[in-house]
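Numbering of ligands and ligand atoms starts at 1, following listing order. Everything numeric here is computed off the predicted structure, so don't read it as measured data.
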Amino acid sequence: MVRTAILVSGGGTNLQAIIDAHIFGEVPNCELTAVISSNPNAYALTRAEHAGIPTYIIDRASFHNRESFSDAIHKKLDHLKIELVVLAGFMYVLEPPLVKAYTNRIINIHPALIPSFCGLGFYGLRVHEAALEYGVKISGATAIFVTNGVDAGPIILQKTVRVREDDTPKSLQRRVMEEAEWKILPEAIALYCAERLRVEGRTVKILGEVYPDGD
Ligand code: GAR
């Protein structure tokens, strides 16, 4: 079983998608070992408690700088003997020592088609505001392995979502979650836990991938 920690900061709908997929047997070989929240009031903590997953709060507000915050998370992950770390709506950048120690073992979900609308400052609703301001016809979500550049790691999975003319940032955010994030994040975890992901430079190879005829 792959001991997995999920890092959250807010509502936790992506966490819920992982919990649901786990209940339905869609992420075999994955143990949901811990949910770690940067925010003591995150609703994600309630979701974890309902699912019987141990929760830990590492409150960003009680650390003076990014390094000591990231360090505290690092220690907790090591202590819990975590193999896979999943950032599910986690709103902070992890520092190089942690990222290095967990190379190709940290998965993040981003609510746009990377390399569009990503990087520093692009998180949550802001991503969808930027996509609508730009006038794109298609958006979506991307699951990546975390590296030291923000949203710059190798892409595991992407899924597109059509933008509607009457979309608001909130309606687009909701559709991207429902149609893309909640599907590809559990799928990426399942692929990792099945040992089907191989990172080659910037590319992630999915072992045993079958393409439909004509693709
Ligand atoms: C999600 O849309 C997630 O992709 C995004 O924040 C939201 C959190 O929702 N993450 C980022 O923007 C990270 N760059 P959730 O707490 O309900 O899962």
Side-chain angles (χ1 to χ4, degrees), residues 4-22 27 32 34-51 53 55-60 66 69-70 73 85-95 98-99 106-134 136 139-161 163 167-189:
T4 303
I6 299 154
L7 272 54
V8 297
S9 298
T13 63
N14 277 286
L15 168 66
Q16 192 65 54
I18 297 165
I19 292 169
D20 293 348
H22 194 258
V27 277
L32 301 179
V35 167
I36 301 173
S37 178
S38 61
N39 165 11
N41 302 313
Y43 186 67
L45 288 166
T46 307
R47 295 180 191 272
E49 279 156 18
H50 286 163
I53 306 168
T55 58
Y56 304 88
I57 294 165
I58 301 184
D59 186 354
R60 176 64 184 91
R66 295 194 321 234
F69 173 62
S70 185
I73 293 173
V85 181
V86 178
L87 310 186
F90 183 73
M91 294 303 169
Y92 299 96
V93 175
L94 298 171
E95 293 300 300
L98 196 171
V99 172
I106 308 175
I107 294 175
N108 184 31
I109 184 77
H110 183 72
L113 295 173
I114 290 174
S116 290
F117 312 115
C118 64
L120 264 186
F122 285 98
Y123 58 86
L125 212 51
R126 174 73 199 116
V127 176
H128 305 290
E129 282 165 4
L132 290 178
E133 272 162 24
Y134 201 94
V136 292
S139 191
T142 307
I144 60 168
F145 278 120
V146 172
T147 58
N148 283 323
V150 180
D151 298 328
I155 291 172
I156 304 167
L157 292 171
Q158 292 188 295
K159 194 162 191 302
T160 58
V161 171
V163 176
D167 262 329
T168 62
K170 271 201 176 304
S171 69
L172 181 58
Q173 179 183 51
R174 184 72 193 178
R175 192 149 10 84
V176 167
M177 283 175 157
E178 285 176 358
E179 294 181 12
E181 295 183 47
W182 301 345
K183 293 191 163 68
I184 66 172
L185 185 57
E187 198 180 331
I189 298 168

*Asks:* Does Glu181 reach ligand 1 with a nitrogen or oxygen that is under 3.5 Å from one of the ligand's nitrogen or oxygen atoms?
*Replies:* yes

*Asks:* Should Arg174 and Glu178 count as an ion pair when the cut-off is N to O under 4.0 Å?
*Replies:*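 Judged by the 4.0 Å cut-off on N to carboxylate O distance, Arg174 and Glu178 do form a salt bridge.
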
*Asks:* How far is atom 6 (O) of ligand 1 from its nearest protein heavy atom, and which residue and atom name does that atom have?
*Replies:* Met91 CE, 3.0 Å

*Asks:* Against heavy atoms of Phe122, which atoms of ligand 1 measure under 4.0 Å?
*Replies:* 14 (N)

*Asks:* What is the nearest protein non-hydrogen atom to atom 11 (C) of ligand 1, stated with its residue, atom name and distance?
*Replies:*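 Scanning the protein heavy atoms, the shortest distance from atom 11 (C) of ligand 1 goes to Pro111 CD, 3.7 Å.
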
*Asks:* Taking 4.0 angstrom as the limit and counting only heavy atoms of Met177, give me the atoms of ligand 1 inside it, by number and element.
*Replies:* 1 (C), 2 (O), 9 (O), 17 (O)

*Asks:* Check the angle between the aromatic planes of Phe69 and Phe90 and answer parallel, tilted or perpendicular using the 30° and 60° thresholds.
*Replies:*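 Rings of Phe69 and Phe90: parallel, as their planes differ by under 30°.
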
*Asks:* Evaluate Leu15 for polar contact with ligand 1, using N/O atom pairs at a separation under 3.5 Å.
*Replies:*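 No: no nitrogen or oxygen of Leu15 is under 3.5 Å from one in ligand 1.
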
*Asks:* Give a yes or no on whether Arg126 atom CZ has more than 12 heavy-atom contacts from other residues, nucleotides or ligands under 6.0 Å away.
*Replies:* yes

*Asks:* Using modelled atom types only, decide if a donor and an acceptor are shared between the side chain of Thr168 and the backbone of Ser171 within a distance under 3.5 Å.
*Replies:* yes

*Asks:* Starting from atom 14 (N) of ligand 1, which protein heavy atom do you reach first, and at what distance in Å?
*Replies:* His110 ND1, 3.4 Å

*Asks:* In the protein, what heavy atom is nearest to atom 13 (C) of ligand 1, and what distance, to one decimal place, separates them?
*Replies:*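 Its nearest protein heavy-atom neighbour is Ile109 O, 4.1 Å.
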
*Asks:* With respect to Gly12, determine whether any N or O atom, backbone or side chain, lies less than 3.5 Å from an N or O atom of ligand 1.
*Replies:*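 Such a contact does occur with ligand 1.
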
*Asks:* Should Gly124 be listed as contacting ligand 1, given a heavy-atom distance under 4.0 Å as the test?
*Replies:* yes

*Asks:* Give the residue and atom name of whichever protein heavy atom lies nearest to atom 8 (C) of ligand 1, and the separation in Å to one decimal.
*Replies:*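 Looking only at protein heavy atoms, the one closest to atom 8 (C) of ligand 1 is Gly89 CA, 3.6 Å.
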
*Asks:* Any nitrogen or oxygen of Asp151 lying under 3.5 Å from a nitrogen or oxygen in ligand 1? Just yes or no.
*Replies:* no

*Asks:* Kindly confirm or rule out an N or O of Thr13 lying under 3.5 angstrom from an N or O of ligand 1.
*Replies:* yes

*Asks:* Give the numbers and elements of all ligand 1 atoms closer than 4.0 Å to a heavy atom of Tyr123.
*Replies:* 12 (O), 14 (N)

*Asks:* Using the side-chain contact (heavy atoms from CB on, under 4.5 Å) definition, which of the options Asp59, Leu45, Leu15, Leu7 pairs with Ser37?
*Replies:*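 One option only clears the test, and that one is Leu45.
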
*Asks:* Tell me the closest heavy-atom pair linking Ala112 and Ser139, and the distance in Å.
*Replies:* CA-OG, 4.1 Å

*Asks:* Please name the residue in the list Leu157, Ile6, Ile144, Leu185 that meets the side-chain contact (heavy atoms from CB on, under 4.5 Å) test with Ile107.
*Replies:* Leu185

*Asks:* Inspect the surroundings of OH in Tyr123 and state if more than 12 heavy atoms from other residues, nucleotides or ligands are less than 6.0 Å away.
*Replies:*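 Result for OH/Tyr123: open.
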
